[in-house]
Amino acid sequence: MTVACSPTKHSKQKDAEAEIARRVDSVLALMTLEEKALQVSQVAAWFDVKTKKTIISEDHLAKAKAGVGSFLMVSEASVARKLQEAAMQSRLKIPLIFGFDVIHGYRTTFPIPLAESCSWDTAIAYKSARVAATEAASAGINWTFAPMVDIARDARWGRIIEGAGEDPYLGALFAAARVRGFQGEDLSANNTIAACAKHFAAYGAAEGGRDYNTADISERTLREVYLPPFKAAVEAGAQTVMTSFNEIAGVPSSINKYLLTDILRKEWKFNGFVVSDWESIDEVVVHGAAKDYEESAQKAITAGVDMDMEGESYPKHLAKLVREKKVSQETLNQAVRNILRVKFKLGLFDDPFRYINEAREKETMLKAEHRALAREAAAKSIVLLKNENDLLPLSKSLKTVAVVGALAQSKRDMLGEWEMVGMPDDVVSPLEAIQATLKTATVLYAKGYELPAPAWKKRKGETKEPTEAELAALRNEALNVAKRADVVIAVVGETADLTAEAHSRADIGLPIGQEELLKELRKLGKPIVMVMTNGRPLAISWAAENLPAIVCAWHLGVEAGNAICDVLFGDVNPTGKLTVTFPRSVGQIPIYYNHKNTGRPSQPENEIDRYKSRYIDLPDSPLYPFGYGLSYTTFEYSDLKLSKKEINTNETLTATVTVKNTGKRDGVETAQLYVRDVVGTFTRPVKELKGFQKVELKAGEAKTITFKIGKEELAMLDKNFKPVVEPGEFEVYVGSDSRAPLKERFTVK
Ligand code: NOJ
C-alpha cells in the first residue's frame with residue numbers, strides 16, 4: 001500500500017531555504033573580492049524633503065554599475081528603475097535592494113508609532129504596516145528601516161516618537177505586529193518589504209535622553225528591558241537588524257560582537273543581515289574605539305555587521321583587509337551570503353524590477369481605504385487625559401466655537417517627523433475638520449502664539465523668538481475670539497520639528513507662548529478643551545490642574561483633524577491608553593512604572609518619614625501613569641479571584657476579574673494585568689505588565705474576563721540570563737492603568 005503524504009509546511013520551507021542557500025553560494029562563487037566588498041556597502045541617494053523627490057547623480061549610477069549592494073533614500077519607482085538598470089549592467093547583475101525609512105506610513109501617513117502604540121491594538125499596527133509596505137513597495141522600495149523597537153524611558157529623547165513606549169512586554173507585541181505587517185505572508189510578493197528591527201541595542205537608554213549619547217546599563221537591564229522587543233522582532237521573522245549609534249559599557253554597537261554575534265546570531269538564530277546605522281562604522285573612530293576607518297571596518301565585520309550604511313569603512317577598506325588577512329575571506333563571505341539570501345527571498349534575483357512599476361505606484365498611493373485605516377488608527381491613538389464634568393464630547397449643535405492655536409491649522413505638524421514622502425497638502429487639519437463637523441456653528445479662529453522655528457534655523461541664528469509684545473498681541477487676538485464663543489478648543493503642543501532624531505529637549509513643557517495663552521484663556525471662565533499635539537510626554541502640570549478637558553492627540557498623520565473631531569464630538573468614544581509615563585516635571589525623568597522598589601521606597605503611608613527615595617519638591621507619582629486613559633464612560637473593576645493560591649513552577653493559574661461599564665455610553669476598556677515577583681535572586685520591578693484585554697461593554701453591562709498566569713508571565717532571568725520561575729510569593733494586580741488597585745497573592749512552590 002502506498003501512502004500519499006503531502007510535505008508539511010515546515011519541510012517545504014526547509015527545502016526552499018536549502019534551495020536559496022544553494023543559489024546564494026552559486027552567486028558567491030562567481031564574485032571577486034572587490035565585488036564582495038561593494039555588495040556589503042550601501043549608498044545614499046539624495047532625498048529632498050521639501051520637494052519629496054529623489055535626486056541621483058552620475059556618481060550614483062556609476063556605483064550601481066560597479067556593483068554596490070544597496071541604495072537608501074530612493075523614493076520613486078522611476079529613480080529605482082534607473083539605478084536597477086545600472087546594476088543590471090554590472091558584471092554579475094546582482095540586483096540592488098532599496099531601503100527607505102518607512103516609519104509610520106508611506107504616502108498615507110499614519111500616527112507616529114508612539115501614538116499608535118497607545119491604541120494597545122496590535123492589529124492596527126499590523127494593518128498600518130501592511131498599508132505602508134503596499135505603498136512603499138509600489139514605489140520600488142523593498143526594505144524599510146522599521147520598526148524602531150527601542151524601549152524609551154526618557155521623554156527628553158526625541159526618538160521616543162518612533163517606538164512603542166516604555167514597556168518591554170507591549171514593545172515586543174508591537175515589534176512583532178509591525179514586522180509581520182511589513183513582511184506579510186510572502187516576502188517575494190510585490191506588496192511586501194523586508195523589515196528592520198532597530199537600533200540594536202539600548203539606543204533609548206542614552207544618558208540624559210540626549211540623542212546618540214552613551215548608554216551605560218547592566219547586562220540584566222539590557223536583557224530584561226531593552227532586548228525583548230528585538231527578540232520578538234527576530235522571532236516574527238524580521239529580515240534585517242540595524243545597529244545603534246550608542247556605545248554600551250565602552251563598546252560602540254557597530255563593533256559589538258557580543259550583541260551582534262553571540263546574542264543575535266547564536267542565541268536567537270537570526271538568519272537575515274545586519275546593517276549599520278548611517279556612517280556608524282566610521283563613527284567608531286570618533287567614539288575612540290578604532291584608530292581609522294580600516295580598523296573600524298575590521299572590527300565591525302568581525303563583530304557581525306553585514307552592511308555598511310553610507311560609510312567609507314567597508315567600500316574602501318574591506319578588500320585590502322581580506323587581502324592582508326586581517327579579515328578572513330569566510331567572514332566577508334558570510335556577510336555577502338546574509339545579504340544575498342534576503343535578496344533571493346524578496347524575489348529580486350527572479351525579477352530585479354518586480355517592485356518597480358510606475359503605474360502601480362500611481363494607483364496605490366493614498367487610496368480611500370488607506371485613509372480610512374489612517375483615520376481609525378489615529379482615533380485609536382488619542383488618549384483622553386482629563387474630562388471634568390463630562391465637558392467632552394462636545395455637542396455638534398454648538399452655536400459659536402473658538403479654535404485657538406497655530407497648530408490647529410498646521411498641516412505639516414500633524415504629519416509628525418519621519419513623514420518622508422508624506423505631504424502636508426494631504427492632511428486634514430484640526431481647524432478644517434472642526435469647520436466641516438460643525439455645519440451650523442460659527443467657528444472662529446485665532447493663532448494665539450507663533451509656532452517655534454525649526455531647531456536648526458535657531459542654531460544658525462536665522463530666527464529669533466517672538467518678543468513679549470508680539471506674543472501679547474497674538475494672545476489678545478485669541479482672547480477676543482474666545483470671548484465670543486460658547487466653547488474654546490485650544491490646540492497646543494509640539495511642532496513636528498521639536499521631535500525625533502537629534503531633537504532631544506531639556507525642557508519638555510509646552511513651547512513658548514502656549515501656557516501663557518492657556519492661562520489668559522482660563523481667566524475668561526469659558527469651557528476650554530486643550531488638544532495637545534505632541535511627540536513625547538509633555539510636562540503639563542499647570543494645564544492638568546487648571547483646565548477641565550485635555551486630549552493627548554500626538555502627531556496623527558493625514559487624518560489628524562478628522563480623528564480629533566471623531567473624539568471631540570463623540571463619534572468615537574476614546575480608548576487610547578498611555579504607553580509611556582507622563583512626568584510632572586522634567587526633573588522626575590527617568591520615570592517609568594516598572595521601576596525597582598529600592599530599599600527605601602516612598603509610600604504614602606510613610607509620608608512623614610524623611611529618608612525615602614523621593615524628591616522633596618514634587619509628589620512621588622507621575623502626572624499620568626503608564627496605561628492611563630479615560631473614556632466617555634466609566635469602568636469599575638471588582639472580584640479579582642485566582643483559581644489557585646499555590647502552584648508549582650510548571651503550573652498555570654488563572655485570574656478572573658469583573659469589569660463593569662458604570663456610565664451611560666457603550667465603551668471599550670483595556671483591562672491590564674500586572675505581576676510582581678515579591679522576592680527574587682535578583683530584585684524584580686514593583687509591577688510588570690503581563691497581559692491585557694480589550695473589553696467591549698454596553699452601558700451598564702458587566703463581563704468577567706480571565707487572564708492566564710504561567711511560566712511566561714512569572715519567569716525572571718537567572719544568573720546566566722536563562723528564564724526561570726523561582727519559588728516564592730507573587731502578586732497579581734488588575735486595573736485600568738498601571739496603578740491597578742485590585743491585588744491578589746499566590747505562592748509558587
Ligand atoms: C539614521 C537613523 O538613526 C536611522 O534610524 C535611519 O534608518 C537611518 N538614518 C537612515 O535614514
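Just follow the structure's listing: the first ligand is 1, and inside any ligand the first atom is 1. Because the structure is a prediction, the values reported are computed rather than measured. If you read the sequence from its start, that first residue is 1, and numbering goes on from there.
Judged by distance alone, with hydrogens and angles left aside, the side-chain atoms of Glu279 form no donor-acceptor pair with the main-chain N or O of Asp282 at under 3.5 Å. Formation of a donor-acceptor pair under 3.5 Å by the Lys36 side chain with backbone atoms of Leu332 is not found in this model. Within the 3.5 Å criterion, the main-chain N or O of Ala37 finds a donor-acceptor partner in the side chain of Ser41. Listed for the Asp277 side chain is no donor-acceptor partner under 3.5 Å among the backbone atoms of Ser244. In terms of modelled atom types and a separation under 3.5 Å, the side chain of Asp306 and the main chain of Val336 share no donor-acceptor contact. Of the possible donor and acceptor atoms, one in the side chain of His104 sits under 3.5 Å from a partner among the backbone N and O of Phe110.
Rounding to the nearest 0.5 angstrom, the gap separating the CH2 atom in Trp157 from the OH atom in Tyr203 is 6.0 Å.
Looking at ligand 1, you'll find an N or O of Asp101 within less than 3.5 Å of one of its N or O atoms. For Glu162, no nitrogen or oxygen atom sits less than 3.5 Å from a nitrogen or oxygen atom of ligand 1, counting backbone and side chain alike. Between His199 and ligand 1, a contact under 3.5 Å exists for at least one N or O pair.
Distances below 4.0 Å separate heavy atoms of Leu72 from the following atoms of ligand 1: 10 (C). Each of the following atoms of ligand 1 lies closer than 4.0 Å to a heavy atom of Phe145: 7 (O). Residue contact check: Met73 has heavy atoms under 4.0 Å from atoms 11 (O) of ligand 1. If you number the atoms of ligand 1 from 1 as listed, the ones under 4.0 Å from a heavy atom of Lys198 come out as 4 (C), 5 (O), 6 (C), 7 (O).
Tyr592 carries Arg153 over the face of its six-membered ring, with the cationic atom under 6.0 Å from the centre and within 45° of the normal.
The shortest separation from a heavy atom of Met148 to ligand 1 is not under 4.0 Å, leaving the residue out of contact.
Of the heavy atoms in Glu501, only side-chain atoms (C-beta onward) come closer than 4.0 Å to ligand 1. Counting heavy atoms under 4.0 Å from ligand 1, residue Arg159 touches it through the side chain alone.
Residue, atom and distance of the protein heavy atom nearest to atom 4 (C) of ligand 1 are Asp277 OD1, 3.3 Å.
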